[in-house]
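First up is the structure itself, then whatever we jot down about it.
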Amino acid sequence: MTEEEKKDITEENGSENESQTNEQQQQTAEGEGETLEVELETETQKEAEDTQKDPLTKAQEEAAEWEKKYLYKCAEFENYRKRTIKEKAELILNGAEKTITAVLPVIDDMERALANSEKTDDAATLKEGMELIYKKLMKTLEGLGVKAIDTTDKDFDVNFHEAIAMVPGMGDDKKGKVIDCTEKGYTLNDKVIRFAKVAVGQ
């Protein structure tokens, strides 16, 4: 075989390969185009279905969604309610814990004073011990927000005082004023928890 014949065969093979490659590329492009067309058709069909969907069906779907949200909120509220009831019960049972803990040292002092009173008959010593315990107790109560209502030379005030007696003949300067306090009143964080029982000038 001559060189010219070999050259012709090589050229023919090259032309065939090139032709096959072009055909493959064209087929691939056509396949991609068909895929894109199918996707576009599917999206168009979905949009058409959504547009043409029965209003009753849409309403039922929305109702089901709202019902789901409602049930979720109900469950959430029920959990909150149970937690609140539990916390309130614990507060009622243990609400006085802080007060009792604060008063316990005063009780310890009183027990020691009672034990020492059996060893001595000195009235002055006993009185001094009682005064110390009383002051400590009042300081403890003040720390908890408890304060005694001051009645000394005060005008009668129904917001703090309870009149149990009217005292006549005290003069004009004592009229409507507290003459005597028979029982102290107290406030807790500025709220009256016991009114002071007083005698008032008439």
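Just so it is clear, the structure is predicted and the values come from calculations on it, not from any experiment.
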So, taking the atom named OG1 in Thr57 and the one named CD in Glu61, what distance separates them when rounded to the nearest 0.5 Å? 6.5 Å

Heavy atoms only: give me the nearest Ala163-Val200 pair and the separation to one decimal. CB-CG2, 3.9 Å

Rounded to the nearest 0.5 Å, how far does CD1 of Ile179 lie from CE of Met166? 9.5 Å

Salt bridge flag under 4.0 Å for residues Arg81 and Glu78: yes

Is it the case that over 12 heavy atoms from other parts of the model lie below 6.0 angstrom from the CG atom of Asp155? yes

Check whether Met138 and Met130 end up in the same hydrophobic cluster, where Ile, Leu, Val, Met, Phe, Trp and Tyr are linked by side-chain heavy atoms less than 4.5 Å apart. no

Lys184, Arg194, His161 screened by side-chain contact (heavy atoms from CB on, under 4.5 Å) with Ile149, the one that passes: His161

Measuring from Glu183:CD to Glu162:CD, what's the distance to the nearest 0.5 Å? 8.5 Å

Tell me whether Thr182 contacts the main-chain N or O of Val198 through its side chain, where contact means a donor paired with an acceptor under 3.5 Å. no

Short N-O contact, Lys175 and Asp172, less than 4.0 angstrom: no

With rounding to the nearest 0.5 Å, note down the distance linking CG in Asp122 to CG in Asn116. 12.0 Å

Minimum heavy-atom distance between Cys181 and Ala196, given as atom pair plus value: SG-CB, 4.4 Å

Counterpart residues, side-chain contact (heavy atoms from CB on, under 4.5 Å), relative to Ala102 (two or more places apart): Thr140, Leu144

Min side-chain heavy-atom separation Tyr72-Lys69 under 4.5 Å: no

Cluster check Val146, Phe160: I/L/V/M/F/W/Y, side chain < 4.5 angstrom: no

Tell me, please, which residues at least two apart from Ile193 pass side-chain contact (heavy atoms from CB on, under 4.5 Å). Tyr186, Leu188

Side-chain heavy atoms under 4.5 angstrom apart, residues restricted to Ile, Leu, Val, Met, Phe, Trp, Tyr: same cluster for Ile164 and Val167? no

Can you tell whether the side chains of Asp153 and Lys177 come within less than 4.0 Å, N to carboxylate O? no

Please report the interatomic distance CG(Leu132) to CG(Leu137), rounded to the nearest 0.5 Å. 12.5 Å

For Ile107, what are the other residues in its hydrophobic cluster, where any two members join if their side-chain heavy atoms are less than 4.5 angstrom apart? Ile100, Val103, Leu104

Leu126, Met110: one ILVMFWY side-chain cluster at the under-4.5 Å cut-off? no

dist Phe156:CZ -> Gln202:CD (nearest 0.5 Å) comes out at 12.5 Å

